[in-house]
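Here's the structure, in structure tokens; my notes come after.
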Amino acid sequence: MNTTALRHALLFGALCATLPAPASAQFARAEEAVKYRQGAWFVLNQHFTRIGNMARGRLPFDARVALQDAEVVATLARLPATAFGHGTDLPTDHARPEIWTESARFREQNERLVAETGRLLAAAKTQDLAQIKAAFGPAANTCKECHDAYRSQ
Ligand code: HEC
């Protein structure tokens, strides 16, 4: 790399560091991208389900646990959408090909997930179960809408 290219690379790196972009990983192989997005959703789901069980009265409400869960959910909600690069539609995954042909719509669905899980986190911070219940439904709807459109069985 010559010095001009190096300076550009450093400048680009500095720019990236200052932009509020979601964390996005780099993948050496398509299989890793698939494992990453499935893994992130799997972990998110464990925490999201526990909040749902508290909201539905199936588990005793613990405001501290609900807040920790909501923090994990809001953080992880940003990750999977970064792992749908071209060439990562493998026969073994559960992603429909429309993700790549309607990528603007897919991104928009994901932005709704990020927004609603952000509201769920704000509700969990109030430690008020009624507010958590009110925020849980809209967040869960974003999962269902996207799965109906973009996830295969
Ligand atoms: C923007 C679209 C979108 C949204 C929103 C979304 N999902 Fe998904 N989800 C997918 C797709 C696509 C897959 C399949 C990914 C694959 O197999 O590569 C998936 C897979 C999953 C899986 C299976 C992971 C595994 O082990 O393979 C779980 C669990 C899951 N999602 C939970 C959730 C929950 C809970 C929410 C809401 C809080 C949610 N998802 C919101 C698109 C979405």
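Any value given below was found using the heavy atoms of this structure, including those in side chains, with hydrogens, waters and symmetry copies removed. When a ligand or atom number is given, it counts from 1 through the structure's own listing order.
The protein atom (non-hydrogen) at minimum distance from atom 24 (C) of ligand 1 is Gln38 O, 3.5 Å.
The distance from atom CG of Leu67 to atom OG1 of Thr126, rounded to the nearest 0.5 Å, is 9.5 Å.
Listed by number with element, the atoms of ligand 1 under 4.0 Å from a non-hydrogen atom of Ile99 are 12 (C). For ligand 1 and Leu113, the ligand atoms under 4.0 Å from any heavy atom of the residue are 5 (C), 37 (C), 38 (C). Near Thr142, meaning under 4.0 Å from any of its heavy atoms, are these atoms of ligand 1: 5 (C). For ligand 1 and Tyr150, the ligand atoms under 4.0 Å from any heavy atom of the residue are 12 (C).
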Which is it for Glu108 and Arg105 under the salt bridge (charged side-chain N to carboxylate O under 4.0 Å, His left out) test, yes or no, and what are the steps along the way? CA-CA 5 Å; Glu108 187 197 310; Arg105 219 187 127 225; over 6 Å; no
Please evaluate residues Arg56 and Phe136 with respect to the criterion side chain to side chain contact (heavy atoms under 4.5 Å, CB included), reporting the C-alpha separation (whole Å), side-chain torsions for both, the decisive distance (0.1 Å), and the verdict. CA-CA 10 Å; Arg56 294 187 183 104; Phe136 184 81; 3.7 Å; yes
Before you tell me yes or no, could you show the steps for Asp69 and Val72 under side chain to side chain contact (heavy atoms under 4.5 Å, CB included), namely the whole-Å CA-CA distance, both residues' side-chain angles and the distance that decides it to 0.1 Å? CA-CA 5 Å; Asp69 284 337; Val72 172; 5.7 Å; no
Might you work through the salt bridge (charged side-chain N to carboxylate O under 4.0 Å, His left out) test for Glu31 and Arg29, ending with a clear yes or no? CA-CA 5 Å; Glu31 288 78 6; Arg29 295 181 305 124; 3.6 Å; yes
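No continuous path of hydrophobic side-chain contacts links Val114 to Leu120 [ILVMFWY only; heavy atoms under 4.5 Å]. When hydrophobic clusters are built by joining Ile, Leu, Val, Met, Phe, Trp and Tyr residues whose side-chain heavy atoms come closer than 4.5 Å, directly or via intermediates, Val34 is not grouped with Leu44.
By the 4.5 Å heavy-atom criterion applied to side chains, Phe61 and Ile132 are counted as neighbours.
Here the closest heavy-atom approach between residue Ile51 and residue Val73 is recorded as CD1-CG2, 4.5 Å. Pairing each heavy atom of Asp62 with each of Met54, the nearest pair is N-SD, 3.6 Å.
Not a single heavy atom of Val73 lies less than 4.0 angstrom from ligand 1.
Of the polar atoms of His94, at least one N or O is found under 3.5 Å from an N or O of ligand 1, judged by distance alone. Some N or O of Arg37 is nearer than 3.5 Å to an N or O of ligand 1, by distance alone. Residue contacts with ligand 1: Gln109 is placed with no nitrogen or oxygen under 3.5 Å of a nitrogen or oxygen of the ligand (distance criterion only).
Here atom 8 (Fe) of ligand 1 has protein N, O or S atoms under 2.8 Å from it, and they come to 1.
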